[in-house]
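Reviewing the structure listed below.
Proteins come first, then strands; the chains are lettered A, B, ... in the order of their sequence lines, and each starts at number 1. Hydrogens, waters and symmetry mates are skipped; everything else that's a heavy atom, side chains included, is used.
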Amino acid sequence: MHWADYTAQRLMQRGDRQVSASGITPSGEFHIGHLREILSAEMIHRACMDAGMNSKYIFIVDSMDPLRRVYDFLSPGYEDYIGCPLAFIPAPLEDGSPGDGSVTYADYFLKPFLDALEQIGVSPEVVMNHETYEKGLFAEYIDLAIRNRDEIRGIIQQISGRDLPSDWFPYNPIGSDGSMDGVSVTGYEKPYVFWRDSSGNEGKSDIRKAHGKMPWRIDWAARWVIHGITCEPAGKDHGAAGGSYDTGIPICKLLGGNPPDKIVYEWIQLKGMGPMSSSSGLTIGPMEALSLVPPEILRYVIARSKINRHIEFDTGSALFQTADEYERLVANPVQDVKEMSKRQMVAAETQRGAIRLSQVNPESDPIDSVGGVSFRHLSMLAQIKSSDGDVWSSLNRSGHIKGEPSDSLKVRLARMRNWIDGPHFPEDAKLEIRSEIGDDARGEIGTTGINFLRKLESLLSECEWTDAGISESISEACESTEVTRKQGFASIYWAIIGRSNGPKASSLIFEMDRGNILSLLGNAKLE
RNA sequence: GGGCCUGUAGCUUAGUCAGGUAGAGCGCCGGGCUUUUAACCCGGUGGCCGGGGGUUCGAAUCCCCUCAGGCCCGCCA
């Protein structure tokens, strides 16, 4: 069974109504790792729906979280905003300096992420956490937390093993300069928390307004109560022993809630394409990933892995494999057969679950999402055919498609071209046309191969310059020089792209400039 | 120091929660397609399930120990 279905089944014991949630702090660019946070919860939500439960999925944006420090992409001008909620400070401009505030910091980073989510079929109920404070929904729990301050403090100290300062308070008011840093609480009289800030100013915060926030570990537990959250997978940082999940559960109960079961997901690691990028700290954003592969493939990357396993996001050849695996599973779904062992049935069921949860639109038939062509093959065609029309006719000839390409295939080709032109395309899938025969290649070609290539050159100089004409010339050259086809083709590939095999030779040559190929082959000699 | 996760065929892995004869894909090898040699089709090779012990009629699966790798314990998914 797929992990999302399994979780849904367990959730069913809690009741018929499920609320899955994710929470992310919009402190900077979103990256591919955040997609796992989102999709882990969203897939469980979908599984709950499929199991007939009443379920909703909310995405809580931690817009009330303060700016922690001046990140590398920010200018020193942000020094003044440290400690201020992300919802209340201006978005950075191109150069990293604070903008005019017409767009908030939180919205600025959130917007493109939400767009990406829409593309991958995730439509959450978005909750801006600062608004929850503004609406006063936290007030009751802030009051409860303050009144049970010692008990909560005990829970955190005991479970996390951390020492909290004697003046620790379960509410951080915002001071006169808008920052929560350096503000000390001087008293509490419902609904006001009195404080003195770092510059000596005194004031009071209304707990029914966004005049401050609770520290993370309590904030999290409180929102479980407020939103009735039954399921919130958390990154393994929160899942560590003594982490915020462990403290959140008793705090949530103290606040009168029924906490979700602890679900922890592993992180996505970026696998560089070779040693170059592994050190450079290059990250990949959801939008960037979507420009390379279709959304269902991106979902499948998450869906195919168990929730507690590392995922290495590899934009190189592994992505080809994953994408082709998706195609194959959709095109040839494993059917349950009588002879299957229980084990095989479970495996097949898990795979079907992964495909089902990978659909952008849960209602759609997966078969509509396939292109019918392997990514590897498509990448090859895209590289040797500059015109889309030529790609389609090639696919027609090879029997991959009949007639006009499907929409999903068109989209695939467009994305493939992005991938090829971008920095993430794997080296070993790249076709590099050589202008002269390399030394390594010459050794592989050998005397008979050289003779063959020279013969081919003369035939190519006269033949009709079409795929068929070129193909004919290759055959003729093989026969007249008594070279096996295997050897002949290998010689061509070594000469043109410096490797032993490649895409259909005649197509490859046809796409090249005739003068170039003739001079390349004409210069073939032993040395 | 405390804790979590992972270790199954050359590679990626399913199967572990509900114990019942080791599954898949890729790769590789062979054959076919009278030829798209990174297309397509068919077949085959390949695993003491990290190691050791225990429970059981029966263990990849449960329990204990051990080795290896990754990670978390600063409000970083």
Side-chain angles (χ1 to χ4, degrees), chain A residues 1-3 6-7 9-10 22-25 27-28 30-41 62 65-66 68-69 71 160-162 172 213-220 233-246 262 264-269 304-310 312 314 317-318 320-322 324-325 328-329 334 340-351 354 373-381 383-384 394-395 397-400 428-429 431 467 471 474-475 484-490 492-493 497 499-508:
Chain A
M1 191 184 306
H2 193 269
W3 53 262
Y6 173 65
T7 306
Q9 221 173 60
R10 274 193 22 215
S22 304
I24 301 179
T25 306
S27 55
F30 284 77
H31 54 79
I32 195 90
H34 291 113
L35 226 44
R36 192 168 199 180
E37 162 83 25
I38 298 288
L39 287 175
S40 296
D62 287 315
D65 283 17
R68 305 254 164 241
R69 60 185 176 86
Y71 303 107
S160 76
R162 220 187 313 171
N172 300 126
K213 80 179 282 283
M214 290 198 280
W216 161 247
R217 284 175 190 255
I218 309 158
D219 180 295
W220 200 24
K236 63 170 170 188
D237 49 338
H238 296 304
S244 45
Y245 228 120
D246 287 353
K262 184 169 173 177
V264 176
Y265 63 84
E266 261 290 351
W267 287 10
I268 292 183
Q269 322 230 304
R304 72 191 284 271
S305 292
K306 290 196 296 190
I307 191 161
N308 57 359
R309 286 186 85 111
H310 293 272
E312 292 226 326
D314 182 350
S317 42
F320 272 112
Q321 220 178 298
T322 307
D324 286 341
E325 179 181 296
R328 183 171 40 74
L329 285 176
V334 190
M340 275 175 137
S341 65
K342 176 195 165 194
R343 220 175 274 178
Q344 287 171 297
M345 308 256 282
V346 171
E349 193 190 352
T350 305
Q351 284 185 332
V373 184
S374 79
F375 276 62
R376 208 160 258 286
H377 187 54
L378 191 63
S379 87
M380 184 260 289
L381 291 177
Q383 288 182 84
I384 59 171
S394 168
L395 288 173
R397 263 181 286 126
S398 60
H400 283 92
D428 65 352
L431 292 177
D467 210 308
S471 198
I474 295 173
S475 295
T484 63
R485 297 187 67 84
K486 184 166 186 150
Q487 203 185 346
F489 276 104
I492 294 173
Y493 291 116
I497 55 178
R499 46 174 52 171
S500 66
N501 53 17
K504 186 185 181 187
S506 53
S507 302
L508 184 62

| task | Between A:Leu381 and A:Arg328, just flag the one whose closest nucleotide in RNA chain B comes earlier from the 5' side. | result |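 Whichever sits nearer the 5' end wins; that is A:Arg328.
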| request: Could you check A:Tyr6 against A:Gln383 and say which one's nearest nucleotide on RNA chain B is further toward the 5' end? | output: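 Residue closer to the 5' terminus by nearest nucleotide: A:Tyr6.
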Could you state the atom-to-atom distance from [atom1] of [X] to [atom2] of [N] in whole Å?
{"X": "A:Lys262", "N": "B:C5", "atom1": "NZ", "atom2": "C1'", "answer": "12 Å"}
{"X": "A:Asp324", "N": "B:C26", "atom1": "CG", "atom2": "P", "answer": "9 Å"}
{"X": "A:Arg304", "N": "B:C26", "atom1": "CZ", "atom2": "C1'", "answer": "11 Å"}
{"X": "A:Tyr245", "N": "B:G3", "atom1": "OH", "atom2": "C1'", "answer": "17 Å"}
{"X": "A:His2", "N": "B:A24", "atom1": "NE2", "atom2": "P", "answer": "20 Å"}
{"X": "A:Glu349", "N": "B:G15", "atom1": "CD", "atom2": "C1'", "answer": "12 Å"}
{"X": "A:Ile497", "N": "B:U37", "atom1": "CD1", "atom2": "C1'", "answer": "10 Å"}
{"X": "A:Asn308", "N": "B:C4", "atom1": "CG", "atom2": "C1'", "answer": "10 Å"}

| field | Nucleotide-resolved protein contact map, nucleotides 67-77 of chain B, B/S/- at heavy-atom distance under 4.0 Å | value | ---SSB--BSB
May I ask you to say what [X] touches in the nucleic acid, namely base, sugar-phosphate or nothing, with a heavy-atom cut-off under 4.0 Å?
{"X": "A:Ser394", "answer": "base"}
{"X": "A:Gln321", "answer": "base"}
{"X": "A:Leu508", "answer": "nothing"}

| Yes or no on side chain to side chain contact (heavy atoms under 4.5 Å, CB included) for A:Met1 and A:Glu349, after CA distance, side-chain angles and deciding distance? | CA-CA 6 Å; A:Met1 191 184 306; A:Glu349 193 190 352; 4.2 Å; yes
| request: Starting at the 5' end of RNA chain B, write a dot or bracket for each base, bracketing those in Watson-Crick or G-U wobble pairs whose two distances are under 3.5 Å and using | for partners on another strand. | output: (((((((..((((......[..)))).(((((.......))))).....(((((..]....))))))))))))....
| message | Taking the P atom in each of B:U21 and B:A59, what is the distance between them to the nearest angstrom? | response |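 12 Å, rounded to whole Å.
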| message | Please give the distance between the P atoms of B:G50 and B:G15 as a whole number of Å. | response |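 One P to the other, the span is 15 Å.
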| The side chain of A:His400 lies closest to which of these nucleotides: B:G7, B:A39, B:U37? |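 For A:His400, the side-chain atoms sit closest to B:A39.
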| Distance from A:Met380 atom CE to A:Leu378 atom CG, nearest 0.5 Å? |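 Result: 9.0 Å between the selected atoms.
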